[in-house]
There are 2 protein chains.
Amino acid sequence: MAKLQKSIEKRDALVQATIDLVNNHGFHATPISKIAKLASVSPATIYLYFDNKQDLVNKVYVEVKATFTDYAFKTYSPTMPVAEGFELIWKRIADFKLNQCRESLFLAQCDNAPIIDETSRQEGISHLKPLLDLWQRGKTEGVINPVSDFLLYAYTINPLSFLMIMQQRGVFKIEKSHIEEAFQAAWNSIKKVN
Amino acid sequence: MAKLQKSIEKRDALVQATIDLVNNHGFHATPISKIAKLASVSPATIYLYFDNKQDLVNKVYVEVKATFTDYAFKTYSPTMPVAEGFELIWKRIADFKLNQCRESLFLAQCDNAPIIDETSRQEGISHLKPLLDLWQRGKTEGVINPVSDFLLYAYTINPLSFLMIMQQRGVFKIEKSHIEEAFQAAWNSIKKVN
DNA sequence: AAAAAAAGAATGAACGTTCATTTTTTATAT
DNA sequence: ATATAAAAAATGAACGTTCATTCTTTTTTT
């Protein structure tokens with residue numbers, strides 16, 4: 001086998017082709033033959049890098065999700081005050097969704113539809129732990145509303161996915177000012193008021 | 001043709017089968033043969049009611065969307081005060097998403113993925129007009145933040161779709177108390193503060 | 001008895017995957 | 001450095017299957 005000897009560039013071309021085609025047509029409407037063509041590779045070559053089509057999309061999902069969360073938490077430290085840490089993470093996430101549209105759209109597709117395997121989905125979610133820990137801290141300190149993490153996510157992170165999809169679809173353009181408005185909306189929806 | 005003579009029950013069974021199978025496997029992974037089987041009908045019969053597979057999903061989408069918006073605006077009148085009207089509509093929508101999970105999940109799938117045709121998508125969106133009118137009124141009266149409708153939608157309606165998907169996936173159960181929390185979060189994120 | 005609706009079988013195209021072969025890379029010997 | 005042999009990587013064609021759709025026949029309704 002010796003996977004390390006195989007061309008990294010070729011594997012990466014396959015990953016990029018998968019992202020593009022799934023974004024534009026959906027996973028099940030994207031044939032292996034087209035992924036191969038877009039990556040300038042033979043269909044058979046795909047099976048040297050991945051077990052099968054399902055394994056391909058699972059692996060792409062987990063890797064893109066890891067890239068996303070790495071970016072999101074890059075400048076965050078658990079010692080920061082809750083409000084500051086949240087703003088930091090939120091704006092990194094907004095930044096990612098704004099500037100890395102292809103990757104973000106792919107993640108949104110996989111998160112909302114029955115495309116990837118449950119284990120890969122779980123693995124993706126596990127990368128969000130720092131944010132969940134921050135929220136826990138915020139609730140304990142009385143800075144964040146003591147509601148379910150699902151609600152916090154629904155009202156702070158998920159709206160960004162929606163806006164990104166609208167932007168990708170060409171009906172809405174996210175400007176710098178929108179980011180600030182959106183952050184205020186997010187923070188207002190979860191901050192504790194006494 | 002004489003479509004009215006054909007069995008309404010049979011057509012409805014096809015619609016229901018489509019919703020169920022698309023929810024569980026995605027549109028492109030749902031063969032006509034399985035839709036036919038679940039509806040207890042021959043594959044050929046589908047083509048008596050719909051032009052083709054794409055036409056089937058387009059029509060199901062538009063019809064389900066119409067059902068949804070009919071429910072959402074049932075008790076609303078444009079003469080209501082903005083805050084009251086918004087709460088009414090929002091809670092009807094929450095109610096629908098909570099109780100009509102199958103239909104809601106189907107709409108979410110179609111809204112987030114490249115499944116349906118653009119014209120059908122536009123037709124679906126057009127049904128939301130009363131809500132957009134209400135928001136316009138709210139902005140004019142200084143009750144609602146003067147931000148893009150996309151932002152208002154992202155922070156009030158879209159979170160419900162996320163919560164519904166999580167509930168459908170079995171990781172989260174929406175309780176009565178969550179509804180109230182969620183409404184407060186939604187309203188806090190868009191109400192004008194001076 | 002005629003017309004409409006429904007059915008199952010048939011069709012050609014497209015799919016994911018595998019196979020036999022060729023090309024490229026690597027390692028070795030000169 | 002160069003030639004060569006072994007190994008690895010990549011390929012295009014082929015396989016069996018499944019798909020959406022159509023065709024011909026049967027059943028049901030009028």
Side-chain angles (χ1 to χ4, degrees), chain A residues 1-61 106 109-110 113-117 120, chain B residues 1-61 106 109-110 113-117 120:
Chain A
M1 277 301 131
K3 290 210 172 156
L4 287 181
Q5 292 175 23
K6 294 184 193 170
S7 160
I8 301 267
E9 291 85 14
K10 207 153 279 187
R11 204 197 110 111
D12 200 55
L14 284 169
V15 170
Q16 297 303 322
T18 302
I19 291 172
D20 275 359
L21 290 169
V22 170
N23 282 350
N24 288 321
H25 309 287
F27 174 61
H28 296 293
T30 298
I32 283 278
S33 58
K34 283 204 183 125
I35 297 175
K37 195 163 284 176
L38 189 55
S40 305
V41 140
S42 161
T45 304
I46 293 180
Y47 293 85
L48 300 174
Y49 293 87
F50 303 96
D51 296 343
N52 48 49
K53 198 188 173 191
Q54 184 65 53
D55 178 55
L56 164 63
V57 73
N58 285 342
K59 290 210 167 106
V60 173
Y61 173 77
F106 179 80
Q109 300 260 6
C110 294
I115 295 177
I116 56 163
D117 287 346
S120 298
Chain B
M1 276 300 132
K3 291 213 173 159
L4 287 181
Q5 292 174 23
K6 295 182 192 170
S7 159
I8 300 269
E9 292 85 12
K10 208 155 280 190
R11 205 197 110 111
D12 199 56
L14 284 169
V15 169
Q16 296 304 322
T18 301
I19 292 172
D20 275 358
L21 290 169
V22 170
N23 282 349
N24 287 320
H25 308 288
F27 173 62
H28 296 292
T30 298
I32 284 278
S33 58
K34 282 204 184 127
I35 297 175
K37 195 162 284 177
L38 189 56
S40 305
V41 141
S42 162
T45 303
I46 293 180
Y47 293 84
L48 300 175
Y49 292 87
F50 303 96
D51 296 341
N52 49 47
K53 199 189 171 190
Q54 185 65 53
D55 178 56
L56 164 64
V57 72
N58 284 342
K59 290 210 167 106
V60 172
Y61 173 77
F106 179 80
Q109 300 261 5
C110 294
I115 294 177
I116 56 162
D117 287 345
S120 298

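Letters A, B, ... are given to chains in the order of the sequence lines, protein chains preceding strands, and every chain is numbered from 1. What you see below is based on every heavy atom in this structure, not just the backbone, and it leaves out hydrogens, waters and symmetry mates.
Side-chain atoms of B/Asp55 do not come within 3.5 Å of backbone N or O of B/Phe50 as any donor-acceptor pair. Although no hydrogens or angles enter the test, the distance criterion places a donor-acceptor pair under 3.5 Å between the side chain of B/Asn23 and the main chain of B/Phe106.
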A correct 5'-to-3' footprint of nucleotides 20-25 of chain D, with B, S and - meaning base, sugar-phosphate only and no protein heavy atom under 4.0 Å, is SBBB--
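A/Arg11 has its CZ atom 14 Å from the P atom of D/dA9, to the nearest Å. Here D/dA10 presents its P atom at 10 Å from CG of A/Leu14, a figure rounded to the nearest Å. Regarding A/Leu48, its CG atom lies at a distance of 17 Å from the P atom of C/dT23, rounded to whole Å. One atom, OH of A/Tyr49, and another, P of C/dT17, lie 18 Å apart when rounded to the nearest Å. B/Ile46 has its CD1 atom 13 Å from the C1' atom of D/dC19, to the nearest Å.
Between A/Thr45 and D/dT11, a side-chain N or O to OP1/OP2 separation shorter than 4.0 Å is present. For the pair A/Lys10 and D/dA10, the criterion of a side-chain N or O lying under 4.0 Å from OP1 or OP2 is met.
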Report the C-alpha distance between A/Tyr49 and A/Ser7 in whole Å, list the side-chain angles of each, state the deciding distance to 0.1 Å, and finish with yes or no for side-chain contact (heavy atoms from CB on, under 4.5 Å). CA-CA 10 Å; A/Tyr49 293 87; A/Ser7 160; 3.9 Å; yes
B/Phe27 vs B/Gln54, side-chain contact (heavy atoms from CB on, under 4.5 Å): CA-CA, chis, key distance, verdict: CA-CA 9 Å; B/Phe27 173 62; B/Gln54 185 65 53; 4.1 Å; yes
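For residues 10-28 of chain B, the set of pairs meeting the salt bridge (charged side-chain N to carboxylate O under 4.0 Å, His left out) definition, not counting sequence neighbours, comprises B/Arg11-B/Glu63, B/Asp20-B/Arg102.
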Pairs of donor and acceptor atoms involving the side chains of residues 30-39 of chain A, under 3.5 Å and at least two apart or interchain, shall be tabulated with distances.
unit_1: A/Thr30; atom_1: OG1; unit_2: A/Leu21; atom_2: O; d: 3.3
unit_1: A/Thr30; atom_1: OG1; unit_2: A/Gly26; atom_2: O; d: 2.7

